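Heads up: the structure comes next, in structure tokens.
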Amino acid sequence: MVEGGHPQKNKADCDVKDERVPNGCGSKDLELAAYALKDLGKIPGDPEKGVSEKADFESAIELTGYGKFHYLLLAVCGFVSTSEEMDVISMSFILPSAQCDLNLDTHAKGWLNSIIFIGMMAGAYAWGSVADTLGRRKVLIAISFMNALCIVASSFSQSYELFMLFRFLNGAALGGSGPVIWSYFAEFQPKSKRGSMLSFMAAFWTLGNLFVAGLAWLIIPTGIGYTSHSFTYNSWRIFLLICAVPSFVVAALLFFLPESPKFLISRGRSEEALETFRTIYNVNTGKDKNDYPVKHLILEDMLNKGLEKPEKPAIKGKYKNMISDIIDNSKQLFVSPILRFTLISITINFTFHIGYYGLMMWFPELFNRFDEFAREHPGESATVCAVTNYVVGSGSQQDGKICSDKIESAVFMESLITVASAIPSNIIAVLGMDRLGRKFFLVFSTLTSGICAACMFFVYNKLHNLIVSAVFSGVISCGNAALDCLITEIFPTNLRATGVAISMVAARLGGIIGNIVIATLLDMYCPAPTFIVAALLIGGGLLCLFLPNTTREPLS
């Protein structure tokens, strides 16, 4: 995506040299050309309204005002992010409790943490591509229902293998949630508020972490549930069942929201886009839809004048057309000039999420290990590695020892403090994202969180472990908001969900590798995981300096 000033002269045709985008819409140069022509294309409207009847997307969304609709949209989309994060992070609270039910050792825990990311890799690309073809809203509804049903099914699973299967399917649904909801939400935002509102939505991830930590604390230690010789439905399963409720709720709420107007324009459906703008205007201002001043979208005029490239030969069949569009969208992500953005976004997401999920999902397990060591050695200090050696060598996870799933409430309290530490950083991100920029927050976050990861090796008691974990959680959450903003904005509309999806495939791969590597090395060679994570976070974060500035710039 090319950022910067507007073109200085009108173009007679599209500058894009890439392959044709389905429906002749969505190229970055074409849209920037439309933006440049907006002043020439406007027709004076009603003098009492003081605005023009013609507008491009940015002008049209500005004229809807900013109010009730956008805050309702934030609540629903934020709740989608909350439910997604709850489903991913819930596993980290289940692991210590389920180790006896499912016969888990550290290696099995690593795979159980990772299986949801494997599913997310499979689902991200598929759902993202479909969303760029069929629309954001329909896909989000389908994803939310599938996600909720898989969580319910997993809570009833009695074997490790069946539990893994439903967690994989759960991940396949969640894989589409991230790229699609971020694209959907961003495409309703004017450029002046997009950064702060995307950061605001990222804060709902922290809300999801708080919800899941609070629920785990309230439910898992109680020991409630039903147990018989052939069937067990204990407290951690009840906790998992409750985590499915938000997904059912958001699926229902999404029925009441419109399709993204930016997506509709990119598909040549200008009348539907105008109707969406009128609805937003009506909700925000309380005025009649017919009072909305924009009557015509400039991009539609430009298409009618033949600025688009020649249409591709028609392919018979709705599903063949959809598959053809998906393949074309994917190809365009790997053609210059988009190729550079695709490769950098893949690399940043991969390295960032090795750290984010690689450590964050192991914090409750580490807290539990410190707690177990402290019970047997009151007042003694020990590093993470010493504690791990004790737990594996002579504690609850030694070979042949009777399994114990006893977890103290302090473990959940420490986990709650860790995720709550992200609240101040999320507030700072909301207030500063459009002032200081995406790159500032991402570089600051990755540098600081990388240092924190290295410091994990040097902690020698529960308090030190809690402090470093809390600082890590806070700064990396801030960087997560910046990364989501930046990656969402660098891709053009017709490729946005697919581009974000491919980036998130890399993120999930990072989550998988992070969990498996940490699970393997934590017990075998303890010092390695923290320094590997530190190096990857810092190196990956600095790559964002090679991406364009998207702060307060129009969506391409």
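For clarity, every value in this text was computed on a predicted model and none was experimentally measured.
- Counting only heavy atoms from C-beta outward, the side chains of F352 and T446 approach each other to under 4.5 Å.
- Between the side chain of N349 and the backbone N or O of S345, at least one donor-acceptor pair lies under 3.5 Å.
- The closest side-chain heavy-atom distance from R438 to C544 is not below 4.5 Å.
- Take R136 and apply the salt bridge (Lys or Arg N to Asp or Glu O under 4.0 Å) test, not counting sequence neighbours, and it matches D132, E187.
- T351 places a side-chain N or O within donor-acceptor distance of the main-chain N or O of T347, the cut-off being under 3.5 Å.
- By the 30° and 60° cut-offs, the orientation of the rings of F444 relative to F440 is parallel.
- Rounded to the nearest 0.5 angstrom, E259 CD and Y184 OH are separated by 6.5 Å.
- For F531, the CZ atom is densely surrounded, since the number of other residues' heavy atoms within 6.0 Å is greater than 12.
- With T342 contributing its side chain and L333 its backbone, the two residues share a donor-acceptor pair below 3.5 Å.
- More than 12 heavy atoms of other shown residues, nucleotides or ligands fall within 6.0 angstrom of atom CZ in F248.
- Residue V533 is tested with L537, T530, L536 for a side chain to side chain contact (heavy atoms under 4.5 Å, CB included); the sole match is L537.
- Between F79 and F204, the ring centre distance reaches or exceeds 6.0 Å.
- With values rounded to the nearest 0.5 angstrom, L198 atom CG is found 6.5 Å from M201 atom CE.
- With a 4.5 Å cut-off on side-chain heavy atoms, D434 and K191 do not count as touching.
- Side-chain contact between F185 and T488 is absent, with no heavy-atom pair separated by less than 4.5 Å.
- A donor-acceptor pair is defined here as one N or O able to donate and one able to accept, closer than 3.5 Å; no such pair exists between the side chain of W236 and the backbone of S155.
- Two residues are said to be in side-chain contact when any heavy atoms from C-beta on lie closer than 4.5 Å; N426 and F200 fail this criterion.
- Judged by distance alone, with hydrogens and angles left aside, the side-chain atoms of R194 form no donor-acceptor pair with the main-chain N or O of A186 at under 3.5 Å.
- Looking only at side-chain heavy atoms (C-beta outward), L240 and F156 stay at 4.5 Å or farther from each other.
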